[in-house]
Every structure is written in structure tokens, then in C-alpha cells.
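The next block holds one structure in the form of C-alpha cells; read it before the comments.
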Amino acid sequence: MKSDTETDTMQSFTFNGNSFPTYQDMVNAKRKRNQDMLASSGLLEAKAAMDNAFLEEKRRLSTASTTRGLKRSSESKTQPSSDQTTLPRRKSSRLAGVSAPNIYIESEGLTGNIEFGGGDQDINRPSHYNNRVNDGSDLTIADAVELTGSKWVKEGTVESAEYFLTKTLPDIIDDSIPISSFKKKTNKESPTSVTSSGLDSPTSASAKKLLRSQIASLSVDDPDTCVAKVTPDRIYSVVCHPCPDKVIVCAGDKQGHLGIWNVDQYGCPTAESAVHPARPLSTSDGVHLFKPHSGSLSTMAWNNSGTSLLSSSYDGSVRAFDVEKQVFEEIFATYDDDDMYRDKLGFGTDNGYNSWIQSMELDHRFESGKCFFLSTSEGCVMHIDLRSRGKLTFNRTFSEKKINTVRSMRGLISPFERLTYYHSFHPNRSTLATAGLTGIVQLWDVRSIPSNLSKAPKPFAWQNLGGRSINSAFFSPSGKRLLTTTQSDKLQIFEDVQTKSGVIQPLRSIHHDNQTGRWLSTFMARWHTTLTGHEIFIVGSMTQPRCMEIFSHDAELMRAVRGDAMTAVASRCCFHSNANKLIVVGGSSSGRVTVAR
DNA sequence: CTATCGGTTAGAGGT
DNA sequence: ACCTCTCCACCGATAG
């Protein structure tokens, strides 16, 4: 629809029924209207009156002590006690030409890469590119723990984290991961036994019944065992380690903390009884805190064998904790196009303040965990291939605005294929889905991203989901379904998108309140394939009492998981991917993780 | 067109 | 029980 003014060939701008020859005239008229309105509204007088009343009240209170509100902390960095009638006027040392005491800028890069010189040791911490935790070198476990700060590092904290990562975790992997050997796993219980009991078809009545009973039995009642504070700040991402018989939850928070909760260590010896040779200095709650990043830890992913945990951050870096190497290694980082970064993989991928890594996804065509995609706040998608020497395969603009998720299809055929797919190559794994602030979900074939930079990449299918932002678009494990969570309060399911082209239509669309507001992470509904072969998904919820909602593949609400321990909104949820029992995990805005099973 | 503002939202932690 | 802090999540409106 075009207004009359736009369709006129003569340029004219109307406002309040008057027409103006230029846009600027119209704007001026608008401003005059606004000023007149403000002047005639009496607001200015009212404000002056309120200011006076406020000062009066303040003067009155300054003679009597108040009992409400926060007491001004003695070490407050702001002004000293504020209620003196006149404060000394603040003066800028910079404007006065006075240099700061004992500190000066040694060198300054193009984007905030400032090296300080002089000063005390404390003040003189080096500032790294994008304020990252270090210059990109490996972080030992102790480094990563100590970066969390003195508030979280107590006697024995480092030792207990080291014990967990060097001993407990490798033992768990050796004991239970079936991935390296499919045959080994077939000797054990689980999928095979499920098949033999006639549950091979998800449509069979017995399979459905089993699924319903598994979902019905989920509980979150005991706050002592179901909930733990895993990170200091609000949780941006949660994942479970893939080992089938242990629950090890990783949560990433807003400040770049990575918390790992060994859930069933709960109840192990407390700090007092921990002087025990076999389990030196175990913490009572099994939570270990690290800080591999300085910005929001946006996505985490374990590789298939559970030996390497990748994490991406708004600070522009991707790190991997490798069980063999025992360090948090920076495997990719963005840099601006300053010549000094010419030899870096991420050279020229950082465009300054408005530029960060929003999400990460492993490339499921290669099972090494060494190839991955990144999406950025500026609508770009990168592909990084760390096999052999490592290269940035492409960095192309896929969208005009921020891309909240980039996902690569896995295309498992059945749940049992989970045990074998590592050896197969599924053709649909070159299918990518991106979604973000433009409100358009787009599907791409990675193989057809033009290497010629003058040719823009083109999606083969897309849909505009109502204009508002899309929080996430996730493929189900089979690849059959694509699930979107949107700011227009919808959950939508598309099917078989890789066979379509042009505008695609969702098969199901249901209403879901996704208005999390400013202080909670946005909802992102996520899939799971059960051992009964069903695809279900989980999403957080704003409803009271708090709950996590489990839906069937056709968007039927199967269960709202609630209980006494479910006291906060679980903004980011996930399933345990490999456990024989159904286990769901949610992360809250205060760093607490809730486990339902 | 781009930058900025106000509104919205929920939980923890201090007094 | 009440107050304060969170501050790149996003939308819609408005100023420049």
C-alpha cells in the first residue's frame, strides 16, 4: 500500500493535513508541534514542582535515617555519602591534561585492543582483543577456574575441578560411551532390548504407551537433588554430555562462565569429610565452574564421542575443551582487518562493536567435531574446517540482520541409527537452516554456496513467519521436521523441507507465549528422539506455576513438567541425548539448572 | 535510513 | 515484606 504522497510524481510531504515542499520542512513542523504540545501540557511546570518536592523530601530525610532500600556500601565506587548539601564539583582529569596515576596506554589496536603500561599489578592486567580472557593461548584447568574470580574460587576448588576433568570425566567416557564400538553396545541392554520387545515401530500402541509413561514419570520434586546453581549469571545455553548412564550437564552464562554439574555426585562427601585420598576435596554439589570466555556463552556442543566440548561466545572466540589435551583451546577467533591479524584464521571477520558470534553448529557431514558453522549478529554464516591446517571455508552474508540460529541437518533414519550413523553419510546433511531477526526462516544447501564473492548465496526455500524475530529453528534428529520458536508467540513445525523449494508452509502452528522480556533468555524449543522412536520437543514456559513443556512431533502438549523444585522459568532446555530414561534439563536466568527425570 | 528511547518481562539478594 | 539490580532481547515509535 502506498500513500497518496508517495504515488504523486511531484514530491510533497503531508503532516496534519498541511503539505510541505521538502521532507525537512515537514520534520520542522512536526518538531514545532511537539514543542508547543510540551509547553502547553503543563508537564514542564509539573516536573519543576516535583523536582522541588523531591529536593525537599531529600533534605528532610538527610536528617533522619531511613530503614528501607540498599544501604550505601562503604566501598562504593561512586560518590561518598551523597546527601551533603554541596558536593565538590567533578573535574575531568583528561580535560585538565592530567595523566592518570601510574598508568598509560602502551598501544591501541583498531578495535579496543588496548595495552596498558605502568600502574599497579592489579590495574595493569593486559586487555586482550575484544576483552577476551587471554591472547588466545590455551587455558589450563586451573587457569579457567581462577578466571572465575575470587568469589567462586575457594580452598580446593581448583583441585576438585582438576580431579573431575582429569579423572572422573575420562573414566565415565571409557566406561560408558558406546560410540567407538557399536558391537560393544549391542551386548548391553537398551535399544536392542527395546526392539526385541516389539517396540521397533513408533506407531505401535505399546511404543506410544511406553513413551507416555516415560513422560508421565518425569519428576522435579526434590529441590536438593533436582536443582543446582551452576553458573553465576543468566544461562544462555545448556547441553548434556552424551554418555548414556551419567547425567553431566553443562551450562554457559552471560559472562562467559561454563559450569559443569555432575548431577549424581550430589550427596558425595561434603567439604569436611572430603579429606579422602580417592576423592580429594570433592565439592558437595558436584558443580565445577570455569571461565573460558568473556562474553555470553552462546552455544555449546559435545562431539559425538563426548571427548570434546565446543563453546562459542559473543566475545568472538570458539574454544574446545578436549579430554585428551586437558586444556580449553581457542580453536577460532574473530579479528578485524588490521594487518597484524593477517595470519589469523578469523582475519577480517570482526566488524567492531556490533559484531559478535550469535550461534554455533557442528557440521554433521563430518563427524570429527572439527568442522562447524557460526552465525553472527550481522547476518553472516561462516564455515570453519579445522581438519589438516584449518581454514575458513566461507564467510557469507545470509541475512540482513542477526541470525539467532544456524543449524545443520543430521538426518538420522531411526533412533537406533544413533549408534551407527557415525559411519554413514546422509545426503541431507548439507541442508542448513538459519533464522533470526528478519523473521524469515531460510534453508540452504551448503554445497551451493558460491565461492565467487560477487554472487550472493541463495536459499532454496524460505518462509516469513510474521515479521517478528525468530528465536530458533531446529531440525529434529531425523531431519524430517524443522521447529521454529518465534517472537510472534508461535511454535511452528515444517516437514521434509529439504525436498521443497520456494515458500514453504508450516504443517503445524500453535500459539505459545514466548514473551520472556529483557531479563530472561529467549525460548528455543528443542527436539529429542526417544528410544521408542518418537520425536518430541521441549520448551520453557512463562506459565505459573513454572514448568517445562513437552510436545509431541505434531505439537500436541504431552506434559507440563512441574514440581516443587521447578521454581523459575527455564529459558533454555534440552534433553539428555542418549540416556535410556527420559531426562530433561532447564537453565534459568539466575544460573540454576533443573533436572527432571 | 540509523540511533535511541521506553516498555515489557522475572528472579535473586540485600535491608 | 519491600526495594534494587539486571542493562546487545526485542518491538515500535520517534528524533535527527
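- Annotation: ring pair (Phe, Tyr, Trp, His ring centres under 6.0 Å) contacts of A/Phe475 (sequence neighbours excluded): none.
- Checked against C/dC7, C/dG12, B/dG11, the side chain of A/Arg518 finds its nearest nucleotide in C/dC7.
- Here C/dA9 presents its P atom at 15 Å from CE of A/Met542, a figure rounded to the nearest Å.
- If you check residues 566-574 of chain A against DNA chain C, you find no residue with a heavy atom closer than 4.0 Å.
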Please list every donor-acceptor pair under 3.5 Å in which a side-chain atom of residues 249-258 of chain A meets a protein atom from a residue at least two apart or in another chain.
{"from": "A/Asp253", "atom 1": "OD1", "to": "A/Gln255", "atom 2": "N", "distance (Å)": "2.9"}
{"from": "A/Asp253", "atom 1": "OD1", "to": "A/Gly256", "atom 2": "N", "distance (Å)": "3.1"}
{"from": "A/Asp253", "atom 1": "OD1", "to": "A/His257", "atom 2": "N", "distance (Å)": "2.8"}
{"from": "A/Asp253", "atom 1": "OD1", "to": "A/His257", "atom 2": "ND1", "distance (Å)": "3.3"}
{"from": "A/Asp253", "atom 1": "OD2", "to": "A/Asp233", "atom 2": "N", "distance (Å)": "2.9"}
{"from": "A/Asp253", "atom 1": "OD2", "to": "A/His257", "atom 2": "ND1", "distance (Å)": "3.0"}
{"from": "A/Gln255", "atom 1": "NE2", "to": "A/Asp233", "atom 2": "OD2", "distance (Å)": "2.7"}

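- Protein atom CG of A/Asn514 is 16 Å distant from nucleotide atom C1' of B/dA10, rounded to whole Å.
- Place A/Gly517 and A/Lys229 on DNA chain B by their nearest nucleotides, and A/Gly517 ends up nearer the 5' end.
- Note: NZ (A/Lys151) to C1' (B/dA12) measures 11 Å, nearest angstrom.
- With rounding to whole Å, A/Asp489 atom CG is found 11 Å from C/dC11 atom P.
- Taking atom CG of A/Leu465 as the reference point, atom P of C/dC10 lies 15 Å away to the nearest angstrom.
- The number of heavy atoms from other shown groups lying within 6.0 Å of CD (A/Glu400) does not exceed 12.
- The neighbour count for A/Lys458 NZ, taken as heavy atoms of other residues, nucleotides or ligands under 6.0 Å away, does not exceed 12.
- Here the C1' atom of nucleotide B/dA10 and the CD1 atom of A/Ile235 are 14 Å apart, to the nearest Å.
- For A/Leu437 and B/dT2, the CG to P distance is 14 Å, given to the nearest whole Å.
- Among the atoms of the strands shown, none is found under 4.0 Å from any heavy atom of A/Asp513.
- In the set B/dG13, B/dT9, C/dA9, B/dG13 carries the atom at the smallest distance from any side-chain atom of A/Arg592.
- Nearest-nucleotide mapping onto DNA chain C: of A/Arg234 and A/Trp519, the residue sitting toward the 5' end is A/Trp519.
- For A/Lys402, the listed nucleotide lying nearest its side chain is C/dA9; candidates were B/dA12, C/dC11, C/dA9.
- Side-chain atoms of A/Gln487 lie closest to C/dC10 of the nucleotides B/dT9, B/dA12, C/dC10.
- Proximity of the aromatic rings of A/Phe537 and A/Phe551 is defined here by a centroid distance below 6.0 angstrom, and this criterion is met.
- Contact between the side-chain N/O atoms of A/Arg468 and the OP1/OP2 oxygens of C/dG12 is found at a separation under 4.0 Å.
- A search for ring pair (Phe, Tyr, Trp, His ring centres under 6.0 Å) contacts involving A/Phe321 returns A/Phe328, not counting sequence neighbours.
- Between C/dC10 and A/Asn404, a contact under 4.0 Å exists linking OP1 or OP2 to a side-chain N or O.
- Across all strands, A/Tyr236 comes closer than 4.0 Å only to sugar-phosphate atoms, never to a base (heavy-atom distances).
- Residues in residues 559-568 of chain A take part in no side chain to side chain donor-acceptor pair (under 3.5 Å) pair, two or more places apart or across chains.
- Residue whose closest nucleotide on DNA chain B sits further toward the 5' end, between A/Gln515 and A/Ser590: A/Gln515.
- Nearest nucleotide to the side chain of A/Leu520, out of B/dA10, C/dC10, B/dG13: B/dA10.
- With sequence neighbours excluded, the residues that form a salt bridge (Lys or Arg N to Asp or Glu O under 4.0 Å) with A/Glu330 are A/Arg319.
- The separation between A/Trp356 atom CH2 and C/dA9 atom P is 7 Å, rounded to whole Å.
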